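Heads up, the thing below is written out as structure tokens.
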Amino acid sequence: MTHLKDRQTFADQVYAILAAIPAGKVVTYGQIAKMAGLPSYIRQVCFVLRHLPSDHQFPCHRVINAQGHLSVQGETYQRYKQRLIDEGIEFNHHDKIDLKKYGWHI
DNA sequence: AGCCTGACACCTG
DNA sequence: ACAGGTGCCAGGC
């Protein structure tokens, strides 16, 4: 997995998984890593998300951490939260999402 | 060639 | 509930 081709493949897998997340559902970083077949690559999932092309169409607002919180901050946080709310996802009074209810399980 | 750093997860105490 | 430590691996310097 150190070859450039493999790294690209991993990124492509992440893209594919992102694109497949249905509206109204959320997934965790670790879940994406597992789905891509490399459960220990959580940090790389973060890297890929952090470096998406500016014109990407992926619903990365549907990716949250295992605590049910958005891991982004500032204005991005507000944008993502609003998009999730628009999709029918609710935040509790601690700005937390119920993964049992909104988690994407295949 | 190290060393530090993440849009994290998991285990402990 | 919660802070702290550890595992993890590529990127960036």
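These figures come from a predicted structure and were not determined experimentally. Proteins come first, then strands; the chains are lettered A, B, ... in the order of their sequence lines, and each starts at number 1. Hydrogens, waters and symmetry mates play no part in the numbers below; they use all other heavy atoms, side chains included.
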**Message:** I'd like to check His69(A) versus Ile64(A) (side-chain heavy atoms, cut-off strictly below 4.5 Å). Are they in contact?
**Reply:** no

**Asked** Any side-chain heavy atom of Val27(A) sitting closer than 4.5 Å to one from Arg62(A)?
**Response** no

Protein N or O to nucleotides 6-9 of chain B N or O, pairs below 3.5 Å:
unit_1	atom_1	unit_2	atom_2	d
dG6(B)	N9	Arg43(A)	NH2	3.0
dG6(B)	N7	Arg43(A)	NH2	3.0
dA7(B)	OP1	Arg50(A)	NE	3.4
dA7(B)	O4'	Ser71(A)	O	3.0
dA7(B)	N6	Leu49(A)	O	3.3
dA7(B)	N3	Tyr29(A)	OH	3.0
dC8(B)	OP1	Ser71(A)	OG	2.9
dC8(B)	N3	Arg43(A)	NH1	2.7
dC8(B)	N4	Arg43(A)	NH1	2.5
dA9(B)	OP1	Ala66(A)	N	3.2
dA9(B)	OP2	Ala66(A)	N	2.7

**Message:** Using the ring pair (Phe, Tyr, Trp, His ring centres under 6.0 Å) criterion, which residues pair with Tyr29(A)? Sequence neighbours excluded.
**Reply:** none

**Request:** Under the ring pair (Phe, Tyr, Trp, His ring centres under 6.0 Å) rule, collect the residues that match up with Tyr15(A), sequence neighbours excluded.
**Result:** Phe58(A)

**Message:** Please determine whether a side-chain nitrogen or oxygen atom of Tyr41(A) lies at a distance below 4.0 Å from atom OP1 or OP2 of dC8(C).
**Reply:** no

**Asked** Taking a hydrophobic cluster as the set of Ile, Leu, Val, Met, Phe, Trp and Tyr residues connected by side-chain heavy atoms closer than 4.5 Å, whether directly or through intermediates, do Tyr80(A) and Val63(A) fall within one such cluster?
**Response** no

**Prompt:** Expressed in whole Å, how much space separates the P atoms belonging to dG5(C) and dC4(B)?
**Reply:** 16 Å

